[in-house]
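To start, the structure itself, in structure tokens.
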Protein chains: 2
Amino acid sequence: MRIGELSRRTDTPVRMLRYYEEQGLIHSERLPNGYRSYEDYVVDRVRQVRGLLEVGLPTRIIKQILPCLDGSRAIYLPYVTPDMIATLERERDRMAEKIECLTKNHRAISDYLEAVSHEIRAS
Amino acid sequence: MRIGELSRRTDTPVRMLRYYEEQGLIHSERLPNGYRSYEDYVVDRVRQVRGLLEVGLPTRIIKQILPCLDGSRAIYLPYVTPDMIATLERERDRMAEKIECLTKNHRAISDYLEAVSHEIRAS
DNA sequence: TCAATGTATGACATTGGTGTGAGGGTCAAG
DNA sequence: CTTGACCCTCACACCAATGTCATACATTGA
């Protein structure tokens, strides 16, 4: 598919798709006329990238961890450096912290909204 | 306590503490000499603010939801506008999405690291 | 008293993710 | 052949969070 369709299917500005490519997060072939052409799987990848960006990971880190999140991972095992492992462990721990933070605040907001809705019903 | 101690206890640059105050996220009294003076509870608040910033919430939103996360919340109930409720619901839902995304990727990284460590032990 | 440390304000710079627009090709439908 | 929709690259602008620096006052200990 071309960039417009990818943009629609991922609800992502075309500008950003080019940017993600520039940052090495997604890949495209080129049609004879120079247009970018994407494989289907890129749709999912873009969604994943956007999710990770939303939770505060910079593209630099996303680029590093993406290959490990790709399903058929056995291929990558031989290439893993200790450095890479350290990065992954760090990010894994940071993610755990974030999950904890989000969960706590999510519950607090939910409880609050719950209380408010009771209040309204009572008045 | 003064700003230096707060900085140490929250592991936050002094610069940022002043910024958070400017954004209305924390509050300080002033000592006779003009120095900022903080209550103990501000330590926790700063940590909460940093956590929320880390997971991608902008200060504008944090400022809105913080009052609802303060424990003694009954006081705030009468002041809640429908507008505010809408904001809270939106943020609650966005948080849920983020938790899902993080959980998924956290597990993927964990699994990957697990696989790698087995590989290493086997070789 | 002097030096060191902490604090205040204000200004400017940087960074990363975005928005936006200029200027120009491609191509299919009318 | 022209129009309109889509694509290209490049450049400049923007915003929020953060870093850094300059200048100056306060406090404390040698």
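Every chain is numbered from 1 and lettered A, B, ... according to where its sequence line falls, protein lines coming before strand lines.
Listed nucleotides: dA17(D), dT9(D), dA8(C). Nearest to the side chain of R30(A): dT9(D). Comparing atom distances between the Y20(B) side chain and each of dG16(C), dT18(D), dT9(D) picks out dT18(D) as nearest. Set against dT18(D), dT7(C), dT9(D), the side chain of R18(B) has dT7(C) as its closest nucleotide. Candidate nucleotides dG17(C), dG19(D), dA17(D) were compared by shortest atom distance to the side chain of T59(A), and dG17(C) ranks first. Of the candidates dT9(D), dT20(C), dT20(D), the closest approach to any side-chain atom of R15(B) belongs to dT20(D). Side-chain atoms of N33(B) lie closest to dA26(D) of the nucleotides dT9(D), dA26(D), dT18(D). Which of dA8(C), dA17(D), dG17(C) sits closest to the side chain of Y19(B) comes down to dA17(D).
Under the 4.5 Å side-chain criterion, counting only non-hydrogen atoms from C-beta, V55(A) is not in contact with N105(B). Side-chain contact check for K98(B) versus K98(A): every heavy-atom pair is 4.5 Å or farther apart. Looking at heavy atoms from C-beta onward, R45(A) lies out of side-chain contact with H27(A) at the 4.5 angstrom threshold.
For the pair M16(B) CE and dT14(C) C1', the computed distance is 12 Å after rounding to whole Å. Per the geometry, CD1 belonging to I3(A) stands 15 Å off C1' belonging to dT26(C), to the nearest Å. We find that CZ of R2(B) is positioned 14 Å from P of dA26(D), with the value rounded to whole Å. Rounded to whole Å, atom P of dA17(D) lies 12 Å from atom CZ of R50(B). Separating the CG atom of L31(B) from the P atom of dA8(C) is a distance of 9 Å, rounded to the nearest angstrom. Atom CD in Q23(A) sits roughly 9 Å away from atom C1' in dG16(C) (whole-Å rounding). Rounded to whole Å, the distance from CD on E54(A) to C1' on dT18(C) is 13 Å. One can place CD of E5(B) at 17 Å from P of dT27(D), the figure rounded to the nearest angstrom.
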Evaluation steps, side chain to side chain contact (heavy atoms under 4.5 Å, CB included), between M95(B) and I65(B): CA-CA 12 Å; M95(B) 280 184 179; I65(B) 69 178; 4.1 Å; yes
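When the side-chain nitrogen and oxygen atoms of R60(B) are compared with OP1 and OP2 of dA16(D), none of them lie within a distance under 4.0 Å. Residue R36(A) has a polar side-chain atom (N or O) positioned under 4.0 Å from OP1 or OP2 of dC8(D).
A donor-acceptor contact under 3.5 Å links the side chain of Y35(A) to the base of dG25(C).
Electrostatic pairing of D93(A) and R90(A) does not count as a salt bridge here, judged by no charged N lying under 4.0 Å from a carboxylate O.
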